[in-house]
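Since the structure comes first, as structure tokens, the remarks are kept for the end.
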There are 2 protein chains.
Amino acid sequence: MPETRIQSRNRAAILDAGLEIFSRYGFRGATLDQIAGEAGLSKPNLLYYFQSKEAIHRALLLQLMDAWLEPLRDIDPAGEPLDEMLDYVRRKLALSRDYPRESRLFANEILSGAPHIDDTLASTLRDLVDGAAALIADWVAEGRLAQVDPHHTIMSVWALTQHYADFDVQVRAVLDTDDPLRGAEAHLTQLFDRLLRPGA
Amino acid sequence: MPETRIQSRNRAAILDAGLEIFSRYGFRGATLDQIAGEAGLSKPNLLYYFQSKEAIHRALLLQLMDAWLEPLRDIDPAGEPLDEMLDYVRRKLALSRDYPRESRLFANEILSGAPHIDDTLASTLRDLVDGAAALIADWVAEGRLAQVDPHHTIMSVWALTQHYADFDVQVRAVLDTDDPLRGAEAHLTQLFDRLLRPGA
DNA sequence: GTCTATATACAGATAGAC
DNA sequence: GTCTATCTGTATATAGAC
């Protein structure tokens, strides 16, 4: 039987509430009471839609991973290397702007040792990164990018872009602006341009 | 009455165990059972030394903040600008190497909205960063550093160095080396050299 | 100082009425 | 589908013996 409109609306509300709570407190720190309250449903009703607390969390991580790695997949081997890399930085930064809760959910999972996605890290992520790193290595060898370590460069993109979502509280405390991401884009574009632009 | 050797040893064991557990699961996700087990003490005995779970957490955050900001304080206004900045990066990276649990404890606190240290962020940290940013701005104005945004540059140092401690699981999954920090130092030195070295 | 036993609250999950 | 009531385990913290 197909899902009714009410059902899909409630499912969405639960996932949204779960994202809100899990991203703040981590899996163990979050409670079903909080999620139910945030979703505007009773706790038993929550468990009518999802079998368990872990089921909600698993569903969130699953839908996250794909979106999270998309910018990396979108790097075009046929494009202009520096442009491709700077576009990658901007796409990744856009994720921090548009999906900060997803970023924090992921950060919480990694911080606690990635118990729910360790296999994905070791397989999907690893392969994807190795592929992108090989591409960067080629570009470096052809002299179309400056000499850099491909793996560390990719991780630098992650660290710098995700920082604006994960450490948002600190960023705002230090910057005193209501839109930290505006300055961030200019800064990161400059940073990676200077790192990657092939030298004289 | 002065503290006995046993007392100070137990206190230290509790703080070490608390660091281990809190840094992994966050404040709410950690349990006294885990901490007691890790410390090799009974739960009531734990609470003989610290009044509450929060007291342990508070003590850890307190001793953390000072050590964490020390590298920033150590930037010498009379030094050679580029060297001072690169030394700062290396000192901060050394903290990630030597005190990864402290880094994760801090990350957990910020991720959950910094409920226990929000005042420190708004006062001590803010002032310290503004001071360092003013120094960097001077160096830029004198042409002794390349044109950069001082605040975003400081945060980039944090993001890039702390990433190797906070996201250790992911870093190792992607890099496949038993000492990620070796490559990190070379990479980050290169990155900040290219970002900050005054241009032709 | 350190333990066993326990008070009290809250967690995830289920039963069963409607 | 959604609720109230509740089961069961586990959490923080305390009482009191030793």
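Just so it is clear, the model here is predicted, and its values are computed rather than measured. Convention: sequence-line order gives letters A, B, ...; per-chain numbering from 1. Reckoned from all heavy atoms, side chains included, excluding hydrogens, waters and symmetry mates.
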- Under 4.5 Å side-chain linkage, directly or through intermediates, the cluster mates of A/Leu62: none
- Could you tell me the separation between the CG atom of B/Asp166 and the CH2 atom of B/Trp158, rounded to the nearest 0.5 Å? 13.5 Å
- A/Tyr25 atom OH is separated from C/dG12 atom P, nearest whole Å, by 14 Å
- Classify every nucleotide of nucleotides 2-15 of chain D by which part a protein heavy atom approaches to under 4.0 Å, writing B for the base, S for the sugar-phosphate alone and - for neither, in 5'-to-3' order. BBBB-----SBBB-
- Message: Is there a side-chain contact between B/Asp168 and B/Arg104 in this structure, where contact means two heavy atoms from C-beta onward sitting under 4.5 Å apart?
- Response: yes
Using a 3.5 Å cut-off and no angle test, enumerate the donor-acceptor pairs between side-chain atoms of residues 75-84 of chain B and protein atoms at least two apart in sequence or in another chain.
| from | atom 1 | to | atom 2 | distance (Å) |
| --- | --- | --- | --- | --- |
| B/Asp76 | OD1 | B/Ala78 | N | 2.9 |
| B/Glu80 | OE1 | B/Leu82 | N | 3.4 |
| B/Glu84 | OE1 | B/Asp76 | N | 2.9 |

- Item | Donor-acceptor pair, side chain of B/Glu38 and main chain of B/Asp16, under 3.5 angstrom | no
